[in-house]
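We use all heavy atoms of the structure for the numbers below, so side chains are in, but hydrogens, waters and symmetry mates are not.
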Amino acid sequence: MIFSITFQVKSDHDVLLPPFTSKLSRSILAKISPTYAKIMESEEPFKPVRVTVIKDIDGNPVLALGNKKAVMKGGEVYKFSFSFLYSDIFDEILRNGGEVKIELWNVNFSAQIEDVKVVEEIEYYDSRFYYIKFITPTLLQPPRPPFKRKRNRFVLFPYSPLLLLSIARHWNKYMDHKIVGISGSKALYYFREVSYGLKPITTYYDGKPVRGFQGWIIFEITAKRNTKIRDNIQKLLNYANFFGVGKSRAIGFGEILARPISSNN
């Protein structure tokens, strides 16, 4: 079962937020959910939670990119979303009435629940084409080699086997039905990019530059209808709408929107 909650957030006056603004989202959640706070303190990969960055009323992410600062206007409504798998977190949030007040950086913030969604089973719509928007910088990694590494290696294009493998690893950790066989040459031939508008982008986290990519891409699923690989690809894409893609998705990197754009075979 997947839980998804959207919060409205306000500040009492203008504030310059940390460059990657999910720090505010996470601080709010940690105050109302001890279970969430404990999960975020752990070093486990593929955490069962995903929180987005702060967004303005139109859904645009508020981030520090280049010379642009992350500014939140006092009194205006902003939002963030939180997806998770544990009912304990859901109970803790509702126990507090879904409202919280918190002081950070000498500013008073208030947050309250706007919308709640509970998904018992991942639904998907069969389509030959899928549009994917990478809403926040996406940090997509190739499999790590056995030799000792000193730095992360991120690719700047959503190479289809890496994209699907990234989602499948999270899925397989928590779902009873395991998805395999989608990260090799099959993905190259059955999940093809047909158009894109992508750009490399640098943001900052804990004072350090992080380089990933943002933009959009259209993929064509060429596998026949009702085949296992076609169904699995579409399940993974819709799962990623809740939990994102790539590294550091739990804190808001790699947030995507995946949707079908055609119902044709």
Min side-chain heavy-atom separation Ile5-Phe80 under 4.5 Å: no

Any side-chain donor near an acceptor of the partner, Ser81 and Thr6, under 3.5 Å: yes

Derivation and outcome, side chain to side chain donor-acceptor pair (under 3.5 Å), residues Gln214 and Thr136: CA-CA 6 Å; Gln214 267 185 296; Thr136 54; over 6 Å; no

More than 12 heavy atoms of other groups within 6.0 Å of Lys199 NZ: no

4.5 Å side-chain heavy-atom contact, Ile122 and Leu236: no

Pair Arg128, Thr222: side-chain N/O donor-acceptor within cut-off below 3.5 Å: no

Contacts of type salt bridge (charged side-chain N to carboxylate O under 4.0 Å, His left out), residue Glu114, not counting sequence neighbours: Lys79

Positive for ring-ring contact (aromatic ring centres under 6.0 Å, His included) with Trp171, one of Phe243, Phe46, Phe242, Tyr239: Tyr239

Non-neighbouring partners of Glu76 that pass salt bridge (charged side-chain N to carboxylate O under 4.0 Å, His left out), sequence neighbours left out: none

Non-neighbouring partners of Lys55 that pass salt bridge (charged side-chain N to carboxylate O under 4.0 Å, His left out), sequence neighbours left out: Glu255

Set of salt bridge (charged side-chain N to carboxylate O under 4.0 Å, His left out) partners for Lys235, sequence neighbours left out: none

Sub-4.5 Å side-chain heavy-atom contact between Leu198 and Pro158: yes

Matching residue for Gln8 among Asp115, Ile57, Val77 - test: side chain to side chain contact (heavy atoms under 4.5 Å, CB included): Val77

Criterion side-chain contact (heavy atoms from CB on, under 4.5 Å) on Val9 and Met72, from CA distance to verdict: CA-CA 10 Å; Val9 188; Met72 189 172 179; 3.7 Å; yes

Aromatic centroids of Phe82 and Phe84 separated by under 6.0 Å: yes

Evaluation steps, side-chain contact (heavy atoms from CB on, under 4.5 Å), between Val15 and Val71: CA-CA 6 Å; Val15 55; Val71 177; over 6 Å; no

Centroid-centroid distance, Phe213 to Phe134, less than 6.0 Å: yes

Validation row: Asn238, Glu123 side chains within 4.5 angstrom (heavy atoms): no

Pair Leu24-Leu104, side-chain contact (heavy atoms from CB on, under 4.5 Å): steps then yes or no: CA-CA 8 Å; Leu24 172 58; Leu104 294 167; 3.8 Å; yes

Trp105 with Val100, same ILVMFWY side-chain cluster at under 4.5 Å: yes

Beyond-backbone contact of Pro200 with Arg211, side-chain heavy atoms, under 4.5 angstrom: yes

Path from Tyr130 to Leu188 over hydrophobic side-chain contacts below 4.5 Å: yes

Close side-chain approach of Phe191 to Leu164, heavy-atom, < 4.5 Å: yes

Whether Phe20 and Tyr205 hold their rings parallel, tilted or perpendicular, with breakpoints at 30° and 60°: perpendicular

Close side-chain approach of Ile251 and Met40, heavy atoms under 4.5 Å: yes

Backbone of Lys47 reached by a side-chain donor or acceptor of His170 within 3.5 Å: yes

Hydrophobic cluster identity match, Ile89 and Phe3, side-chain contacts under 4.5 Å: yes

More than 12 heavy atoms of other groups within 6.0 Å of Tyr131 OH: yes

Asp231 and Tyr124: side chain donor to acceptor below 3.5 Å: yes

Pairs where residues 158-177 contributes a residue and the test salt bridge (Lys or Arg N to Asp or Glu O under 4.0 Å) is met, not counting sequence neighbours: Glu44-Lys173

Polar side-chain atom of Thr21 near backbone of Ile54 as donor-acceptor pair, under 3.5 Å: yes

Glu121 atom CD, over 12 foreign heavy atoms within 6.0 Å: no

Other residues, nucleotides, ligands: >12 heavy atoms within 6.0 Å of Asn60 CG: yes

Close side-chain approach of Met1 and Ser87, heavy atoms under 4.5 Å: no

Shared hydrophobic cluster, Phe157 / Phe219 (ILVMFWY, side-chain heavy atoms < 4.5 Å): yes

Joint cluster assignment, Val194 & Ile132, ILVMFWY side-chain distance < 4.5 Å: no

Full working for side-chain contact (heavy atoms from CB on, under 4.5 Å) between Leu162 and Val155: CA-CA 9 Å; Leu162 297 185; Val155 300; 4.2 Å; yes

Main-chain N/O of Lys23 paired with Ser27 side-chain donor or acceptor, under 3.5 Å: yes

All pairs passing side-chain hydrogen bond (donor to acceptor under 3.5 Å, both in side chains) where residues 189-198 contributes a residue, at least two apart: none

